[in-house]
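Quick notes on the structure that follows.
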Amino acid sequence: MEIIDIHTHGIRGYDTTSTDDEDIVRIAEAHADSGVSEILAAIYPSTIRTMRKNMETVSRAMKKTPRIAGLYLEGPFLNPSKCGALEAASFAEPDVFTFQELIDGFEDRVRVITVAPEMKGSLTLIRKIADMGIIVSMGHSEASYAETEAGFNAGARGITHIFNAMRGFHHREPGIAGFGLLNPDVYIEVIADPYHLNIRTLELIFRVKRPDRVIIVSDTVKESKTSSKHSAVMDSYGALSGGCMTIVESSERLVRLGFDKNLVTKSISENPRNYLSST
């Protein structure tokens with residue numbers, strides 16, 4: 001069975017800001033140690049120049065191992081008010097020219113990019129990206145339900161780590177999270193470690209969401225480890241800065257907690273594979 005983590009920045013002391021392609025290979029190998037077949041290497045938002053340097057390093061690593069299936073750009077076209085663990089100062093206004101400058105020469109390696117759909121210019125950019133065959137995932141966002149729906153109608157196909165770094169669900173405005181749960185066709189990323197989502201929230205997701213549209217991701221970072229004793233990965237301000245489990249580890253945890261094994265297994269295998277082939 002092919003197991004795919006579509007969203008990881010790093011692990012075991014390495015991340016995608018490295019200039020050494022061997023470090024990127026080590027990230028893929030660290031995930032492979034727990035049973036992950038392939039990863040998308042997630043690039044942090046930064047200046048265009050820095051992001052392109054990071055993308056080049058990952059591209060070199062891709063030539064050394066088949067375990068890296070492509071690039072995931074988490075930004076930079078995000079809402080600063082929902083930066084989460086990312087650096088808000090690095091975010092950019094949604095703009096087709098800036099996007100073209102960012103991905104020039106990497107078009108065949110960029111598989112997914114996160115965009116906040118409510119930002120001015122986002123819908124035009126989403127249409128452009130989708131027309132190029134790159135998946136748009138909506139996240140780091142204050143979007144209302146209607147704004148998220150507009151992003152989906154413009155061509156977006158996913159929601160980045162649902163409930164995290166986005167407008168909360170409100171009974172009078174379900175927002176981007178509500179759209180992610182209720183729309184039958186949009187895919188949702190889920191960080192299923194013990195810290196990002198309450199177990200009852202995970203239960204809600206698996207009860208409500210169309211089962212073939214749930215994708216468990218790790219969102220691991222440089223400080224994340226692979227061990228039997230997992231602890232929250234926090235920044236210096238005490239905020240979560242990344243996931244603490246590989247997707248195999250988090251899916252095994254869910255099964256131990258009583259979640260349907262078949263549904264959980266699909267969320268790390270069939271579902272991400274179908275998502276990446278949906279363009």
Side-chain angles (χ1 to χ4, degrees), residues 6-10 15-19 24 40-59 70-144 147-148 150-162 164-167 175-176 180 189 217 219 221-222 235 237 239-242 279:
I6 67 166
H7 189 160
T8 172
H9 295 275
D15 71 13
T16 56
T17 64
S18 175
T19 57
I24 312 301
L40 293 189
I43 304 298
Y44 290 108
S46 187
T47 63
I48 298 301
R49 183 170 179 267
T50 296
M51 290 185 72
R52 286 182 59 82
K53 279 187 175 181
N54 299 155
M55 293 157 69
E56 177 56 40
T57 303
V58 172
S59 296
L71 291 155
Y72 182 123
L73 307 185
E74 193 169 6
F77 310 109
L78 309 174
N79 191 325
S81 72
K82 291 296 179 183
C83 59
L86 304 180
E87 179 53 61
S90 68
F91 295 177
E93 293 289 331
D95 175 78
V96 171
F97 177 81
T98 304
F99 169 72
Q100 289 285 180
E101 184 182 9
L102 174 63
I103 70 155
D104 182 41
F106 297 100
E107 294 90 345
D108 61 336
R109 278 152 281 177
V110 176
R111 307 292 298 277
V112 183
I113 180 169
T114 300
V115 176
E118 75 278 14
M119 304 294 285
K120 183 179 179 181
S122 282
L123 298 184
T124 298
L125 181 59
I126 289 170
R127 292 187 190 98
K128 171 67 176 179
I129 297 170
D131 286 346
M132 293 177 67
I134 297 171
I135 296 168
V136 178
S137 183
M138 298 178 284
H140 287 275
S141 168
E142 272 280 11
S144 66
E147 288 169 331
T148 311
F152 179 79
N153 290 336
R157 288 293 169 262
I159 302 286
T160 301
H161 45 54
I162 194 165
N164 292 113
M166 63 180 54
R167 175 197 287 255
I176 180 172
E189 296 178 14
V217 299
D219 198 17
V221 294
K222 188 175 187 176
D235 63 19
Y237 300 100
L240 288 170
S241 59
T279 57

Practice problem: Could you tell me the separation between the CZ atom of Arg111 and the OG atom of Ser137, rounded to the nearest 0.5 Å? | Solution: 14.0 Å

Self-check item: Shortest non-hydrogen contact between Thr114 and Leu78, atoms and distance
Solution: O-CD2, 3.4 Å

Quiz prompt | From CD (Glu74) to NE2 (His7), nearest 0.5 Å | solution = 3.5 Å

Quiz item: Can you check whether Thr98's main-chain N or O pairs, donor with acceptor, with Gln100's side chain at less than 3.5 Å?
Solution: no

Practice problem: Determine the minimum heavy-atom distance between Val112 and Ile134, stating which atoms define it. | Solution: N-CG2, 4.2 Å

Quiz item: Between atom CD1 of Ile159 and atom CG of Asn164, what is the distance when rounded to the nearest 0.5 Å?
Solution: 12.5 Å

Exercise. Quick one: pull up CZ in Phe77 and CD1 in Ile129 and give me the separation to the nearest 0.5 Å.
Key: 6.5 Å

Quiz item: Does the Thr57 side chain pair with the main chain of Lys53, one donor and one acceptor, at a distance under 3.5 Å?
Solution: yes

Quiz item: Atom CG in Asp104, atom CZ in Arg52: separation rounded to 0.5 Å?
Solution: 5.5 Å

Quiz item: Out of curiosity, Met55 CE to Ile48 CD1, how far, rounded to the nearest 0.5 Å?
Solution: 8.5 Å

Practice problem: Could you verify whether a donor N or O on one side chain and an acceptor N or O on the other, from Tyr72 and Thr8, lie under 3.5 Å apart? | Solution: no

Practice problem: Taking all non-hydrogen atoms of both residues into account, name the closest pair between Ala143 and Thr148 and its distance. | Solution: CB-OG1, 3.4 Å

Self-check item: Residue pair Phe99 / Met132, side-chain heavy-atom distance below 4.5 Å
Solution: yes

Quiz item: Looking only at atom types and distance, does a side-chain atom of His140 sit under 3.5 Å from a main-chain N or O of Lys82, one as donor and one as acceptor?
Solution: yes

Quiz item: Any donor-acceptor pair under 3.5 Å linking the side chain of Glu118 with the backbone of Glu142?
Solution: yes

Quiz item: Just by modelled atom types, is the Ala154 backbone N or O under 3.5 Å from a matching donor or acceptor in the Arg127 side chain?
Solution: no

Quiz item: So which heavy atom on Leu40 is nearest to which on Ile6, and how close?
Solution: CB-O, 3.2 Å

Practice problem: Check whether any side-chain N or O of Ser90 sits under 3.5 Å from a backbone N or O of Pro45 as a donor-acceptor pair, and report yes or no. | Solution: yes

Quiz item: Taking all atoms of both residues into account, what is the closest heavy-atom pair of Leu102 and Pro76, and its distance?
Solution: CD2-CD, 3.8 Å

Exercise. Grab the two heavy atoms, one from Leu125 and one from Val96, that are nearest each other, plus how far apart they are.
Key: CD1-CA, 4.0 Å

Practice problem: Verify, without hydrogens or angle tests, whether Arg109 (side chain) and Ile103 (backbone) share a donor-acceptor contact under 3.5 angstrom. | Solution: no

Quiz prompt | Under 3.5 Å: donor-acceptor pair, side chain of Glu189, backbone of Thr160 | solution = no

Exercise. Kindly say whether Met119 contributes a backbone atom to a donor-acceptor pair with the side chain of Ser122 at under 3.5 angstrom?
Key: yes

Quiz item: Aromatic rings His9 and Tyr44: how do their planes relate, parallel, tilted or perpendicular, breaks at 30° and 60°?
Solution: parallel

